[in-house]
Every structure is written in C-alpha cells, then in structure tokens.
Amino acid sequence: MTGIHISCAVNNVDALSYLPAQTDKVALVTEGGGQRGIFTAGVLDAFLDADFNPFSLLVGTSAGSLNIASFICGHTKHAYRVITEATTTHDFFDLPRFLMGKEGLDLDWLLEQTQTRLPLDWQQGHENMRSRTVLACACHADNHRASFFDLNDDNWQVALKASCAIPVLRRQPILNQQQYWVDGGVGAPIPAQEAYDRGYRHIVVIRTVPITASFDHCWMSIISKALGKTKASALIKLLLEHEEKYRQTQAFLNNPPDDAIIYEIHPQKYLCSKLIGSTIDSLDLDYQLGYQSGRYFMATLGRKFTVPGANELENTFSQAA
C-alpha cells in the first residue's frame with residue numbers, strides 16, 4: 001500500500017476530490033528550474049498576498065531556494081523582479097563569457113543585487129523563521145551528495161550561492177564550511193524525501209514542469225565517451241546524473257510511503273519560460289499562471305492547513321480566559 005499523491009493544477013478535479021484532515025505540521029518543497037522558477041514566484045506571491053504560511057519546514061533547491069528566501073522575508077514580487085530584472089541581463093549569464101573559459105553564471109553579482117538594488121529584509125526573515133525551519137539544498141562538489149543549509153543560522157548569501165552553482169556553467173564551486181558545493185538540483189532536484197525524513201507527512205511540492213514530465217537522454221552517454229574530457233562531455237554527464245536523480249524523485253512523489261500525503265502544485269503543460277534566455281512576455285505569462293495556481297491551492301487543499309504554533313496560541317488564550 002502506498003501513500004496519497006494529489007495533483008493540484010488550475011481547475012483540475014484531483015484537488016477538489018480530496019480534503020485533508022486538519023493538520024499543523026506541513027512542509028513546503030520547491031523545485032529549481034532556473035527562470036522557470038517564475039511559476040513558483042507566482043504561487044508564493046499568492047500565498048503572501050493572502051498571508052498564507054502554514055509551513056513549519058521549507059526546503060528549496062537551486063532557484064527554489066531563492067524563491068523561498070523571498071517568501072520568508074515577506075517580499076511580494078521580489079522573486080519576480082530578481083528573475084525578470086536580474087537573471088535576464090548579461091551581468092548574470094553571458095554565453096560568450098562562458099565560451100571564453102570564464103564564469104558563465106555570475107552568482108556573486110546576482111546575490112549582490114539582493115543586498116543593493118533588490119534587497120531582502122533578513123531582519124523580517126529571521127523573525128518569520130522563529131517558528132520555522134528554512135533550508136537551502138546544495139550538493140558536495142566531489143560526490144554530489146545533497147546537504148542542507150539552515151538559512152536562519154548560516155551565511156544566507158553563501159548558502160544560496162551554493163544551492164544555485166550549476167557545475168560547468170559555474171566553473172568554481174562555492175566554498176562554505178570548509179567544503180566545496182554545487183547546485184542542489186544535481187543530487188536532490190526536488191528534496192521531498194528530506195522533508196519526509198525529518199518527520200513530515202504532509203508535504204506540499206511546487207513543481208516547474210508538469211508532473212507527467214520525463215527525461216531520458218541515456219543515449220547521450222555514448223556521445224559523452226566519444227567527446228573525452230571536454231566541457232561538453234562534462235555537461236552531458238551532469239545531465240544524465242540529474243535525470244537519474246529526477247527519476248528517483250518522481251518515483252517517491254508518485255508512490256509516497258503509506259503514511260505520507262504529497263500535494264503537488266504544478267503547471268498542466270510545459271511553461272513558456274526556459275532555464276535561461278526567456279522573454280519577458282513568457283515570464284509574465286508563467287508568473288500569472290503560478291499566481292492562479294497558488295490561489296487555487298488555497299481555495300481547495302490549503303483550507304485545512306493551520307499556521308505553525310496556532311494551536312499553542314489558542315490554548316494560551318483559552319487558559320487565560
């Protein structure tokens with residue numbers, strides 16, 4: 001017997017056919033996907049506008065970590081602006097720069113924007129994390145094993161850079177806690193298993209691809225061998241490793257343990273946005289879809305989720321009365 005998997009896309013029947021029992025221990029897990037994270041930004045902005053945050057554990061990987069940082073700091077449209085105003089510039093990603101052997105992704109510049117032009121209010125963020133655990137996933141540079149940085153305790157800038165440091169596109173891994181780290185999506189593209197291992201049985205997952213998406217480029221391993229030790233070969237190997245981890249994650253999400261419920265918020269078809277190089281029109285469309293998806297989730301499945309600590313607060317008032 002397996003657990004319950006619930007699909008939540010705009011206007012689908014699955015979300016309407018199931019109403020969970022009242023629960024106050026819910027985890028939120030956000031996928032990466034580069035600029036496709038604009039969908040996640042829309043979902044989370046819908047939550048912010050409704051003051052909806054029933055999550056006592058929040059785990060993000062890669063671009064999903066950046067989205068969670070904006071969310072926990074309480075900034076509506078912050079992640080939207082980071083994606084549309086910062087990640088679309090040559091300061092962040094420049095193909096000629098990458099082909100010349102320099103850094104393709106300038107994460108230092110991107111995170112600098114979150115302190116200057118697009119600042120994050122971490123004073124408010126730390127206040128919001130008093131009753132929550134917020135984690136950014138990154139992987140060891142040598143074996144790609146996933147690890148998780150607490151954004152309330154660690155240097156948040158370094159943790160977020162480590163979570164987003166795509167190997168090959170980012171030539172140098174990120175040094176943190178005397179170890180080197182790369183993008184969390186390599187080893188844990190959707191870290192729902194981590195939430196389960198931490199004791200959570202109600203896990204909300206925000207995806208940036210349809211739940212039916214499948215990736216299989218095994219045939220590229222032949223090309224990788226023929227290319228030898230080149231950038232192209234390294235990128236292919238990375239892609240194949242990511243796809244294998246993704247298949248394992250899909251299996252967990254589709255057939256969760258018998259004591260778990262997975263709620264997946266996702267687009268029904270592939271987004272207009274891409275990993276990188278998306279148009280502003282595409283990003284705007286996907287943001288609006290994410291916002292609608294967030295509102296739909298709250299109107300259906302989210303109605304039974306309570307804010308962390310709400311029961312304790314209610315008991316305090318009852319005792320005082």
Side-chain angles (χ1 to χ4, degrees), residues 1-9 12-33 40 43 47 53-62 64-65 68 131-140 143-150 163 184-216 241-268 293 297-298 300-308 311:
M1 179 179 180
T2 60
I4 300 172
H5 173 275
I6 304 170
S7 165
C8 188
N12 75 338
V13 179
D14 201 4
L16 294 172
S17 63
Y18 180 84
L19 196 61
Q22 195 85 23
T23 179
D24 61 355
K25 189 174 182 181
V26 186
L28 175 68
V29 176
T30 54
E31 183 180 19
T40 305
V43 174
F47 290 175
N53 188 356
F55 312 109
S56 48
L57 173 68
L58 300 90
V59 189
T61 194
S62 196
S65 298
I68 280 183
S131 59
R132 298 177 174 90
T133 300
V134 183
L135 307 174
C137 176
C139 293
H140 288 272
N143 57 21
H144 295 166
R145 183 178 301 158
S147 190
F148 298 85
F149 296 118
D150 191 328
S163 186
V186 177
I190 308 172
Q193 178 77 56
E194 180 68 18
Y196 181 82
D197 291 344
R198 288 175 180 255
Y200 285 80
R201 298 300 179 258
H202 292 265
I203 304 170
V204 177
V205 176
I206 303 178
R207 299 280 293 276
T208 55
V209 296
I211 60 172
T212 55
S214 61
F215 308 96
D216 192 355
E241 182 178 352
H242 168 75
E243 288 183 351
E244 177 56 32
K245 291 293 184 181
Y246 208 96
R247 283 190 287 271
Q248 294 173 12
T249 299
Q250 287 274 57
F252 176 83
L253 295 174
N254 293 334
N255 299 284
D258 59 9
D259 59 346
I261 303 177
I262 303 291
Y263 313 81
E264 286 202 79
I265 304 173
H266 62 90
Q268 290 185 311
S293 300
F297 177 82
M298 289 185 291
T300 54
L301 300 168
R303 288 185 294 160
K304 285 289 186 176
F305 295 155
T306 56
V307 176
N311 289 342

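Numbers for residues simply follow the sequence, beginning at 1.
Shown here are the side-chain contact (heavy atoms from CB on, under 4.5 Å) partners of Asn143, two or more places apart in sequence or in another chain: His140, Arg145. With sequence neighbours excluded, no residue forms a side-chain hydrogen bond (donor to acceptor under 3.5 Å, both in side chains) with Thr30. Listed by chain and number, the residues in a side-chain hydrogen bond (donor to acceptor under 3.5 Å, both in side chains) with Thr249 amount to none (sequence neighbours excluded). Considering only residues two or more places apart in sequence or on other chains, Asn255 meets the side-chain contact (heavy atoms from CB on, under 4.5 Å) condition with Thr2. For Ser65, the side-chain hydrogen bond (donor to acceptor under 3.5 Å, both in side chains) partners two or more places apart in sequence, or in a different chain, are Ser163. For Ser62, the side-chain hydrogen bond (donor to acceptor under 3.5 Å, both in side chains) partners two or more places apart in sequence, or in a different chain, are Asp183. Under the rule for a salt bridge (Lys or Arg N to Asp or Glu O under 4.0 Å), the partners of Asp259 that lie at least two apart in sequence or sit in another chain are Arg201.
In this structure, Phe297 and Phe47 have tilted ring planes: the angle between them lies in the 30° to 60° band.
No side-chain heavy atom of Tyr196 sits less than 4.5 Å from a side-chain heavy atom of Pro256. Counting heavy atoms from C-beta outward, Val59 and Arg198 have side chains that stay 4.5 Å or more apart.
Checked by atom type and distance alone, the side chain of Glu31 pairs as donor or acceptor with a backbone atom of Thr208 at under 3.5 Å. For the pair Thr61 (side chain) and Ala188 (backbone), a donor-acceptor distance under 3.5 Å is present.
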